[in-house]
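Note that the structure is predicted; figures quoted are calculated from it, not measured. One is the number of the first residue; the rest follow in order along the sequence.
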Amino acid sequence: MDRLRVAIFSDSVLPILNGVSISIDSLVTEMRNRGHSVHIFAPRIPGHKDSDPNTYRFRSVETPFAEAYPIAIPPFYRMLLKFRRHEFDIVHTHSPFVMGMVGLRWAESHGLPIVSTYHTLYDRYAHYMKWFPRRYVRFRIAKHTNFYYNSVDHVITPTEASLKWLRRHSVHKDVTVIPTGTPRGPMIDRSEARRALGISPDLRVMLYVGRLAREKNLETLFEMAAIAFQKDSSLRLWLVGDGQFRGECLSMVRRLGIGDRVRFVGFVPRAEVDQYYAAADLFVFSSITETQGLVVQEAMMYGLPAVAVIGGGASSGITDGANGFAVKNDPQDFAGTVRRILRDEALYARLSEGALRSVRNSGVADMCERVLAVYRGVIHEREQRADTEHFAWI
């Protein structure tokens, strides 16, 4: 099987910046570099113009429960005509919601094999549906997760933690664990990066990269910082990213009295985030809702040891004592581990070297190769099934 024609469906692609959109962008770029034809179907983003002619945008509306995440709305007929024009070999969805359902229905109606990647522990986001009881929302998400992922031919997920989550929701289809590959960032000199960002040589920066959102468990992060600051006057906490929870984050920092040593950098274009990784001393991550936590791998690309709270998949890439530490969801334990790493130069050097080693083989090329193997397997199974049904009919 040579050149594949692949249709990607997702509710979240660039310029929306999150783990899903970065994963899709990396996969699409690598597949195109290998000669495959990839087309993206996603909601329209107000004011955004795509440079990629193979990205098709559906009419969309913004909703109060998911600001900055427009939702595609019908009618879909014109897009269906564009979809039919390309005679795709396979459909790959990256969400079980509106775009995922469109991809599923179009794959079914055109007799195409369909693969879906389970990126997110969706029931951990039930708090965004403020108008309904949280228990009811989580129940409906669980039911839909079961329905959707049992309706596709094959499921891809980035970690063993997310695989267990799927099995808990009684998803019985074949699932392949394929960690999201981390694109190699530019080589950046650490001293130059610190100078450019105004970080004096005597300061040590703990770095968080991600959205400012309730589900990121940021209260634990700030409480950890407050404890660590009491023991080390050189410590600082920088947060790269923005979100609806920013106001609450500012309130927490003020309440803890650590505003002088915390910096909210805000949104940073993806191409510029590498400078912050290069300049920081330690990566800290408190979220327990990730399926993988791509930012942990990105940080390790720059030799940053990571300390992450156990839960979800963000801590799954950390081997205690080798490239960082996974800690309990407890500010005291978190702060103690941070201080232990930063005051022990030999330990820090070992973890930094281990961080670089641990991501050496987690590149995009390996991810792409494994995804293509899933595609070929699913297409082959579909062809065999069609042949069996044909001979049975004869």
Q: Who passes side chain to side chain contact (heavy atoms under 4.5 Å, CB included) against A213, sequence neighbours left out?
A: Y128, R211, E215, K216
Q: Thinking salt bridges, do D281 and R194 make one under a 4.0 Å N-O criterion?
A: yes
Q: Under 4.5 Å between side-chain heavy atoms, counting indirect links through other Ile/Leu/Val/Met/Phe/Trp/Tyr residues: same cluster for V102 and I16 or not?
A: no
Q: Would you confirm whether R59, through its side chain, and P74, through its main-chain N or O, come within 3.5 Å as a donor-acceptor pair?
A: yes
Q: If you look at every heavy atom in S23 and H119, which pair is closest and at what distance?
A: OG-CE1, 3.7 Å
Q: Does T29 have any side-chain hydrogen bond (donor to acceptor under 3.5 Å, both in side chains) partners at least two apart in sequence or in another chain, and if so, which?
A: none
Q: So, for D89 and R3, which heavy atoms are closest and what is the spacing to 0.1 Å?
A: OD2-O, 4.0 Å
Q: Can you tell me how far CH2 of W106 sits from CG of L112, rounded to the nearest 0.5 angstrom?
A: 12.0 Å
Q: Minimum heavy-atom separation for M101 and Y148, please, with both atom names.
A: SD-CD1, 3.6 Å
Q: Does N323 use its side chain to pair, donor to acceptor, with the backbone of S358 at less than 3.5 Å?
A: no
Q: Is it the case that atom CG in D260 sees more than 12 heavy atoms from other parts of the structure closer than 6.0 Å?
A: no
Q: Could you tell me which residues satisfy side-chain hydrogen bond (donor to acceptor under 3.5 Å, both in side chains) with D274, sequence neighbours excluded, listed by chain and number?
A: Y302
Q: Taking all non-hydrogen atoms of both residues into account, name the closest pair between S116 and T93 and its distance.
A: OG-OG1, 2.8 Å
Q: How far does CZ of F83 sit from CZ of F9, to the nearest 0.5 angstrom?
A: 5.0 Å
Q: Between the side chain of T159 and the main-chain N/O of S162, is any donor-acceptor distance below 3.5 Å?
A: yes
Q: For atom CZ of R168, is the number of surrounding heavy atoms from other residues, nucleotides or ligands below 6.0 Å larger than 12?
A: no
Q: Distance-only, no hydrogens or angles: does the R370 side chain make a donor-acceptor pair with backbone N or O of I178 under 3.5 Å?
A: no
Q: Is a side-chain donor or acceptor of R350 paired with a backbone partner of A322 at a separation under 3.5 angstrom?
A: no
Q: Tell me the side chain to side chain donor-acceptor pair (under 3.5 Å) pairs involving residues 247-257, sequence neighbours left out?
A: none
Q: Taking everything shown except K173 itself, do over 12 heavy atoms lie less than 6.0 Å from its NZ?
A: yes
Q: Does S234 form a side chain to side chain donor-acceptor pair (under 3.5 Å) with D202? I'd like the steps, not just the answer.
A: CA-CA 7 Å; S234 69; D202 59 314; over 6 Å; no
Q: When you compare the side chain of L237 with that of F222, does any pair of heavy atoms fall below 4.5 Å?
A: yes
Q: Quick check: closest heavy atoms across L212 and C249, and the distance to 0.1 Å?
A: CB-SG, 4.4 Å
Q: Tell me whether the rings of Y56 and H86 are parallel (<30°), tilted (30 to 60°) or perpendicular (>60°).
A: tilted
Q: For D320 and A326, indicate whether the former's side chain and the latter's backbone hold a donor-acceptor pair under 3.5 Å.
A: yes
Q: Indicate yes or no for a side-chain donor-acceptor contact from N150 to the backbone of H172 under 3.5 Å, with no hydrogens or angles considered.
A: yes
Q: Apart from L14 itself, what residues make up its hydrophobic cluster when side-chain heavy atoms of I, L, V, M, F, W and Y under 4.5 Å apart count as a link, directly or indirectly?
A: L17, I22, F267, L294
Q: Does the cation-pi check pass for R5 over F88, that is, NZ or CZ under 6.0 Å from the six-membered ring centre and within 45° of its axis?
A: no
Q: Hey, is the main chain of H169 close enough, under 3.5 Å, to the side chain of N146 for a donor-acceptor pair?
A: yes
Q: Can any side-chain N or O of R382 pair as donor or acceptor with the backbone N or O of G111 at less than 3.5 Å?
A: yes
Q: Are Y122 and H144 close enough that their ring centers fall under 6.0 Å?
A: no
Q: Using 0.5 Å steps for rounding, measure from the OH atom of Y348 to the CG atom of L342.
A: 7.0 Å
Q: Quick check for you: to the nearest 0.5 Å, what is the distance between R190 atom CZ and Y277 atom OH?
A: 15.5 Å
Q: Does the side chain to side chain donor-acceptor pair (under 3.5 Å) test come out yes or no for S287 and T289, once each step is laid out?
A: CA-CA 6 Å; S287 175; T289 61; 3.2 Å; yes
Q: Tell me the closest heavy-atom pair linking I90 and P113, and the distance in Å.
A: CG1-O, 3.4 Å
Q: Ignoring hydrogens and geometry beyond distance, is a side-chain donor-acceptor pair present between D11 and S95 at under 3.5 Å?
A: yes
Q: How long is the gap from CD1 on I258 to CZ on F229, to the nearest 0.5 Å?
A: 5.5 Å
Q: With a 6.0 Å cut-off (strictly less than), is the heavy-atom count around CD of Q244, excluding the residue itself, greater than 12?
A: yes
Q: How long is the gap from CD1 on I310 to OG on S316, to the nearest 0.5 Å?
A: 11.5 Å
Q: Just jot down the side chain to side chain contact (heavy atoms under 4.5 Å, CB included) partners of L163, sequence neighbours excluded, or say none.
A: T157, E160, R167, V175, V177
Q: Give the C-alpha distance, both sets of side-chain angles, the deciding distance and a yes or no for side chain to side chain donor-acceptor pair (under 3.5 Å) between S286 and Y208.
A: CA-CA 9 Å; S286 55; Y208 166 89; 5.9 Å; no
Q: Quick one: do L372 and H36 satisfy side chain to side chain contact (heavy atoms under 4.5 Å, CB included)? Show the steps, please.
A: CA-CA 10 Å; L372 289 171; H36 302 289; 3.7 Å; yes
Q: Under a single-linkage definition using a 4.5 Å side-chain heavy-atom cutoff for Ile, Leu, Val, Met, Phe, Trp and Tyr, are V296 and L121 assigned to the same hydrophobic cluster?
A: no
Q: Can you list the steps and then say if Q292 with Q297 is a side chain to side chain donor-acceptor pair (under 3.5 Å)?
A: CA-CA 9 Å; Q292 181 176 1; Q297 286 182 263; 2.3 Å; yes
Q: I'd like to know if M300 and L356 are part of one continuous hydrophobic network [Ile/Leu/Val/Met/Phe/Trp/Tyr, side-chain heavy atoms within less than 4.5 Å].
A: no
Q: Please tell me if the side chains of Y118 and V171 come closer than 4.5 Å, counting only heavy atoms from C-beta onward.
A: no
Q: So do the side chains of L104 and I114 get within less than 4.5 Å of each other, counting heavy atoms only?
A: yes
Q: In this structure, would I45 and V61 fall into the same cluster of hydrophobic residues linked by side-chain contacts under 4.5 Å?
A: no
Q: Would you check if the side chain of R34 reaches a backbone N or O of A365 as a donor-acceptor pair within less than 3.5 Å?
A: yes
Q: Look at D232 together with R204 and state whether they make a salt bridge at an N to O cut-off of under 4.0 Å.
A: yes
Q: Are R340 and D344 close enough for a salt bridge, meaning some N to O gap below 4.0 Å?
A: no
Q: Taking a hydrophobic cluster as the set of Ile, Leu, Val, Met, Phe, Trp and Tyr residues connected by side-chain heavy atoms closer than 4.5 Å, whether directly or through intermediates, do I199 and L207 fall within one such cluster?
A: yes
Q: State, without any angle test, whether H92 and T117 hold a side-chain donor-acceptor pair at a distance under 3.5 Å.
A: yes
Q: Can you tell if the side chain of Y69 reaches within under 4.5 Å of the side chain of N18, non-hydrogen atoms only?
A: yes
